[in-house]
Amino acid sequence: MSSFSYYQPTRIHFGFGKLEEVGRIVSRYGKRALLVTVPPFQALEPVFEKTKRLLRESGVEVAHFDQVIPNPTTESISWGAEMARDFHADVVVGLGGGSSIDTAKAIALEVTHEGTAWEYRLFGERKVTREILPIIAIPTTSGTGSQVTAVSVLTNSGERFKSAIVDPHLFPKEAIVDPELVMSLPPHLTASTGFDAFAHAFESYVHVNANPYTDLLALEAMRLVIRFLPPLLNNPADRRAREHMAWADTLAGLSIANCGTTLPHGIGMAIGGKAPWVMHGEALAVVYPEFLRYTAPYALEKFAAVARMFRPELLGEKDEVAALALEEIMNAFLKEIGMWFGLEDLRIPREDLPGIVEDTFKLPDYSVNPRVPTKEDVLALLESAYSRK
């Protein structure tokens with residue numbers, strides 16, 4: 001067994017009804033909370049109002065920044081940071097999907113440091129030098145894992161480039177994972193975020209810096225997604241399946257927090273920068289068949305292990321046979337969960353492909369793939385993924 005380190009400072013509160021504890025949890029860190037969410041809508045507005053009520057009943061004053069947008073931009077983050085400063089917030093509560101939690105993290109950083117959050121991105125001009133405002137994360141989707149990671153993803157609209165801030169200071173102090181909050185998640189969003197959780201687990205598992213601890217978490221996360229995501233799409237009210245997907249998401253987040261992601265996430269980030277209307281899970285799904293075909297020969301044992309999770313009958317086959325079968329298995333899985341499409345279906349202009357390639361290589365994910373690609377390789381993957389039959 002190789003030597004390794006594992007770090008996870010986030011205290012996790014998991015289970016139905018855990019939102020009831022939000023006032024007690026947040027009040028440990030401050031008495032003036034900035035609540036960060038998307039604009040109110042029918043499914044989640046009652047959750048927003050309940051959270052504010054519970055906070056105020058615990059003696060916590062609340063300002064509500066409700067202007068989070070999908071694929072958060074530097075502009076939207078700065079609006080939130082301005083509100084946090086004016087309110088003199090001493091704690092930030094991110095309530096929602098990955099975009100809300102990532103925005104909360106970036107606001108907590110921008111309020112306490114000079115310049116904008118964008119300047120602290122990977123390979124940016126500035127470095128995080130001190131503590132940021134404490135972050136409490138409350139996910140309302142099951143897929144991004146942001147409630148337990150030190151990552152905040154953000155987009156520079158002017159550059160059409162999506163990047164990330166990665167720093168241990170961004171770990172939320174506490175995460176409230178209440179499956180009750182995902183019960184109303186629509187089927188396609190359930191599928192997209194669910195596949196994101198699978199991709200987090202799979203990529204941390206095959207990552208060149210994987211370790212026995214992250215492997216343990218990743219394998220269980222994949223097992224849960226394989227078992228519970230397809231039936232959940234047929235019965236969205238299945239509380240047991242929702243609970244297991246919320247746990248799979250958390251496990252996958254714990255995996256990438258200590259290991260990271262590989263080639264598909266680098267490409268997916270680049271797609272999101274060029275096409276902010278594309279969900280992250282969609283950007284991953286669209287390149288997964290090509291990624292599997294390209295990478296499988298360089299990680300036969302691990303690819304084979306995942307293939308056998310889908311199809312136990314492959315236990316009697318050699319690793320090479322099982323590993324190379326994973327592409328076909330994944331194609332069937334993507335079709336089953338409604339995530340089978342090409343770049344063309346996502347309205348990505350073909351002329352954007354070279355720019356997506358360039359942006360893929362501005363992030364480190366490609367370099368930790370079991371097979372390190374060239375720019376020509378990535379362009380060929382994108383060309384192959386452009387149209388689906």
Side-chain angles (χ1 to χ4, degrees), residues 1-16 18 25 94-102 104-105 134-153 164-179 181-182 193-229 241-262 264-265 268-269 280-281 284 302 305-306 309 364-365 368:
M1 182 183 296
S2 59
S3 61
F4 66 93
S5 299
Y6 185 86
Y7 178 62
Q8 180 49 246
T10 305
R11 181 181 286 110
I12 300 168
H13 308 266
F14 185 93
F16 281 97
K18 283 294 183 179
I25 292 168
L95 171 60
S99 294
S100 295
I101 297 174
D102 284 0
K105 292 176 180 179
I135 303 154
I136 311 301
I138 311 172
T140 60
T141 64
S142 297
T144 71
S146 188
Q147 68 270 18
V148 290
T149 72
V151 178
S152 174
V153 177
I165 310 166
V166 182
D167 189 275
H169 289 90
L170 267 64
F171 274 112
K173 298 294 186 183
E174 316 226 11
I176 300 172
V177 185
D178 186 340
L181 305 185
V182 300
T193 52
F195 186 73
D196 189 10
F198 178 89
H200 285 160
F202 185 86
E203 290 170 46
S204 70
Y205 182 55
V206 303
H207 195 287
V208 297
N209 294 322
N211 65 61
Y213 202 133
T214 56
D215 283 356
L216 183 71
L217 301 170
L219 285 166
E220 177 64 4
M222 285 186 281
R223 185 188 71 81
L224 292 173
V225 174
I226 292 166
R227 179 175 177 183
F228 289 102
L229 182 56
R242 289 287 187 192
E243 183 178 42
H244 281 95
M245 284 301 300
W247 183 231
D249 167 39
T250 304
L251 289 171
L254 293 168
S255 300
I256 62 171
N258 276 268
C259 191
T261 52
T262 66
H265 264 75
M269 293 269 285
H280 186 54
L284 294 169
K302 287 196 167 183
V306 177
M309 294 173 71
D365 305 74
V368 289

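Model, not experiment: these values are computed from the prediction.
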Any [X] side-chain heavy atom under 4.5 Å of [Y] side chain:
X: V225; Y: M245; result: yes
X: P179; Y: F14; result: yes
X: P139; Y: T144; result: no
X: T193; Y: D249; result: no
X: L95; Y: T140; result: yes
X: K105; Y: I165; result: no
X: L181; Y: I176; result: no
X: D215; Y: K302; result: yes

Return the minimal non-hydrogen interatomic distance between [X] and [Y], and the atom names on each side.
X: T149; Y: G253; result: CG2-O, 3.6 Å
X: H207; Y: N209; result: ND1-N, 2.9 Å
X: I256; Y: T261; result: CG2-CG2, 3.7 Å
X: A197; Y: S142; result: CB-O, 4.5 Å
X: S204; Y: C259; result: O-SG, 3.5 Å
X: L251; Y: L224; result: CD1-CD1, 4.1 Å

Rounded to the nearest 0.5 Å, what separation is found between the [atom1] atom of [X] and the [atom2] atom of [Y]?
X: F4; Y: T214; atom1: CZ; atom2: OG1; value: 8.0 Å
X: N211; Y: S255; atom1: CG; atom2: OG; value: 9.0 Å
X: E203; Y: L284; atom1: CD; atom2: CG; value: 6.5 Å
X: I136; Y: R11; atom1: CD1; atom2: CZ; value: 9.5 Å
X: Q147; Y: T141; atom1: CD; atom2: OG1; value: 7.5 Å
X: L217; Y: M222; atom1: CG; atom2: CE; value: 10.5 Å

query: Checking H244 side chain against F228 main chain: does a donor-acceptor pair fall under 3.5 Å?
result: no
Short side-chain to backbone donor-acceptor contact, N258 and Y7, under 3.5 Å: yes
message: Quiz question: by atom type and distance under 3.5 Å, do the side chains of S146 and D102 form a donor-acceptor pair?
response: yes
- request: If the plane angle is over 60° it's perpendicular, under 30° parallel, otherwise tilted; pick one for Y6 and Y213.
  value: parallel
